[in-house]
Amino acid sequence: MSNSLLRQIALLLVSLLGLSLLSYIILLQDPLNDILAEPNVLVGYSNYLQTLLHGDLGITYNGGDELKSLLFTVLPPTLQLCISSLFLASIFGIPLGFIGAMNSHNFLGSSIRNISALGLSIPVFWIAPILLYVSAIQAWEISAIGQYNLLYEIQPVTGFPIIDVWFIDQPYRIKVVQNVLQHLVLPTLVLTILPTMDITRLVQQRAEFVFTQNYVKVAGTRGWSQLRILFTYVFRNTFPILIPQMPRLFILVLTQSMLTESTFGWPGIGRWLVDSVNLQDYNSISVGIIAIGLCIIVVYLISTILTFLLDPFNKKGWYAR
């Protein structure tokens with residue numbers, strides 16, 4: 001187990017080192033950066049690592065604001081979209097996958113299988129403006145851009161408006177909560193499509209495999225109903241495979257959210273990075289790459305820990321290595 005733990009730590013350090021190196025290479029593209037005045041590249045990279053370890057991220061060329069404070073302004077909105085989308089995808093995708101597995105030999109099961117495969121090819125950046133246009137011409141209240149109506153003032157406590165709105169001490173707080181949720185609905189539904197299809201496909205494939213195992217067939221010969229077999233055997237042998245898929249699903253939703261933030265006027269890190277690229281703000285691009293990479297690494301660590309705790313076969317593998 002100690003060898004596996006050391007390997008995980010070494011992988012983490014290599015990932016962080018590669019992330020900092022990529023960020024440094026981006027900074028080298030800026031002809032006005034001070035690191036170009038260093039004697040050589042190694043000295044400049046060493047000094048850059050020291051500034052990162054001290055939490056000094058520099059300033060943005062667009063307004064001169066500190067990138068550290070600006071990062072905590074644009075990152076939470078994107079994470080809010082990702083978390084809400086993955087939550088809805090789990091609510092919709094897991095039941096659909098089990099329904100498809102229980103009806104794998106009829107039209108319903110094949111339809112769910114084909115729809116989940118087809119749904120993975122849907123271009124979200126194309127669906128987003130269409131849904132926004134349809135909801136607007138139908139005068140739906142969810143046809144809104146931004147995080148909330150600017151007439152309301154929400155003090156940033158955690159950076160997540162869906163949480164900060166509960167700290168408002170105003171008589172119209174319920175109205176503000178409703179407004180925040182209305183702005184969150186449409187982009188969340190758009191971003192939920194792809195992970196829902198992916199989770200449905202994974203659950204259905206795994207559940208169909210479990211249904212073919214001998215211990216499940218023996219339970220069927222004993223007169224067990226399909227629902228009893230599902231709750232007794234299939235659930236506990238299906239959920240552990242979803243945990244290692246968390247980093248991949250998070251990356252999928254994160255990239256899609258960065259593509260759709262401009263459509264919905266969402267003040268997230270994706271829209272901020274696009275503006276930074278247009279302005280050739282290399283400091284902001286470099287810091288944005290580091291922030292996104294750290295988020296992915298944190299999700300990977302969480303999934304690894306959960307897999308180790310919940311999957312007994314993986315735990316045996318750690319001890320056996």
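- Using a 4.5 Å cut-off between side-chain heavy atoms of Ile, Leu, Val, Met, Phe, Trp and Tyr, with links allowed through other members, Leu19 and Ile296 fall into the same hydrophobic cluster.
- Taken together through direct or relayed side-chain contacts under 4.5 Å among Ile, Leu, Val, Met, Phe, Trp and Tyr, Ile115 and Phe107 form parts of separate hydrophobic clusters.
- Heavy atoms from other residues, nucleotides or ligands lying under 6.0 Å from CZ of Phe160 number more than 12.
- At least one side-chain heavy atom of Val190 sits under 4.5 Å from a side-chain heavy atom of Leu131.
- Within 6.0 Å of CZ on Phe87 lie no more than 12 heavy atoms contributed by other residues, nucleotides or ligands.
- In this structure the side chain of Gln147 never reaches within 4.5 angstrom of the side chain of Val180, judged on heavy atoms.
- Tyr300 is linked by a side chain to side chain contact (heavy atoms under 4.5 Å, CB included) to Gln8, Leu11, Pro247, Ser303, Thr304, counting only residues two or more places apart in sequence or in another chain.
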Exercise. Check step by step if side-chain contact (heavy atoms from CB on, under 4.5 Å) holds for Leu181 and Ile162.
Key: CA-CA 7 Å; Leu181 292 176; Ile162 194 65; 3.3 Å; yes
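- Judged by distance alone, with hydrogens and angles left aside, the side-chain atoms of Gln280 form no donor-acceptor pair with the main-chain N or O of Ser276 at under 3.5 Å.
- The shortest distance between side-chain heavy atoms of Thr196 and Leu88 does not fall below 4.5 Å.
- You'll find the side chain of Ile94 reaches within 4.5 Å of the side chain of Phe239, heavy atoms only.
- Partners of Tyr133 under the side chain to side chain contact (heavy atoms under 4.5 Å, CB included) rule, at least two apart in sequence or in another chain, are Ile137.
- Under a 3.5 Å cut-off, the side chain of Ser104 and the backbone N or O of Gly100 do not form any donor-acceptor pair.
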Practice problem: Let me see the working for Ile130 and Leu132 under side-chain contact (heavy atoms from CB on, under 4.5 Å), right down to the final yes or no. | Solution: CA-CA 5 Å; Ile130 293 179; Leu132 185 60; over 6 Å; no
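- Taking a 6.0 Å sphere around CZ of Phe72, one finds it holds 12 or fewer heavy atoms contributed by other residues, nucleotides or ligands.
- Ile229 contributes atom CD1, which lies 12.5 Å from atom CZ of Phe235 (distance to the nearest 0.5 angstrom).
- Nearest heavy-atom pair, Ile99 versus Asn103, reported as atom, atom and distance to 0.1 Å: O-ND2, 2.8 Å.
- Inter-residue side-chain proximity for Ser90 and Ile199 is flagged as met; some heavy-atom pair is nearer than 4.5 Å.
- Atom CG of Leu242 is separated from atom CZ of Arg206 by 10.0 Å, given to the nearest 0.5 angstrom.
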Scan the side chains in residues 268-275 for donor-acceptor partners under 3.5 Å anywhere in the protein, sequence neighbours excluded, and list what turns up.
from, atom 1, to, atom 2, distance (Å)
Arg271, NH1, Gly265, O, 3.1

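- Residues satisfying the side chain to side chain contact (heavy atoms under 4.5 Å, CB included) test with Ser20, not counting sequence neighbours, are Leu17, Tyr45, Leu49, Leu52.
- A donor-acceptor distance shorter than 3.5 angstrom exists from the side chain of Asn114 to the backbone of Ser110, with no hydrogens or angles considered.
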Quiz item: Should Leu191 and Leu81 be marked as a side-chain contact (heavy atoms from CB on, under 4.5 Å) after you check the CA-CA gap, both sets of side-chain angles, and the distance that decides it?
Solution: CA-CA 8 Å; Leu191 295 175; Leu81 280 182; 4.0 Å; yes
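- By the rule that hydrophobic residues join a cluster once side-chain heavy atoms approach within less than 4.5 Å of another member, Leu279 and Tyr282 end up as members of separate clusters.
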Exercise. Run the numbers on Leu75 and Ile292 for side-chain contact (heavy atoms from CB on, under 4.5 Å), then give the verdict.
Key: CA-CA 9 Å; Leu75 185 59; Ile292 294 174; 5.7 Å; no
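- Note: Leu249 CG to Leu86 CG = 6.5 Å, rounded to the nearest 0.5 Å.
- Applying the side chain to side chain contact (heavy atoms under 4.5 Å, CB included) criterion to Ser23, with sequence neighbours excluded, gives Tyr48, Ser286, Ile290.
- Hydrophobic clustering (ILVMFWY, side-chain heavy atoms < 4.5 Å, transitive): Leu22 and Tyr24 are in one cluster.
- Side-chain contact of Thr188 with Ser85: a donor-acceptor pair under 3.5 Å is absent, judged by distance alone.
- In this structure, Ile112 CD1 and Phe98 CZ are separated by 12.5 Å, a value rounded to the nearest 0.5 Å.
- Each of Val185 and Ile83 belongs to its own hydrophobic cluster when Ile, Leu, Val, Met, Phe, Trp and Tyr are linked at side-chain heavy-atom distances under 4.5 angstrom.
- Smallest separation of non-hydrogen atoms from Ser135 and Leu186: OG-CD2, 3.7 Å.
- A search for salt bridge (Lys or Arg N to Asp or Glu O under 4.0 Å) contacts involving Asp198 returns Arg201, Arg248, not counting sequence neighbours.
- When side chains are defined from C-beta on, Ile302 does not count as touching Phe250, because their heavy atoms never get closer than 4.5 Å.
- Side-chain contact between Glu208 and His105: absent, with no pair of heavy atoms (C-beta onward) separated by less than 4.5 Å.
- Between the OG atom of Ser257 and the CG atom of Leu259 there is a distance of 8.0 Å, given to the nearest 0.5 Å.
- Ring pair Tyr233/Phe211: centre-to-centre distance not below 6.0 Å.
- With hydrogens and angles ignored, the 3.5 Å screen pairs a side-chain donor or acceptor of Asn106 with a backbone N or O of Gly109.
- Annotation: side chain of Thr260 is not in contact with side chain of Pro187 (no heavy-atom distance under 4.5 Å).
- What you find for Pro76 and Thr158 is that their closest heavy atoms are CG-O, 4.4 Å.
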Quiz item: side-chain hydrogen bond (donor to acceptor under 3.5 Å, both in side chains) between Thr78 and Glu261: does it pass, once the steps are laid out?
Solution: CA-CA 8 Å; Thr78 300; Glu261 283 177 355; 2.6 Å; yes
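- Here the straight-line distance linking atom CD of Gln256 with atom CD1 of Ile127 works out to 9.5 Å at 0.5 Å rounding.
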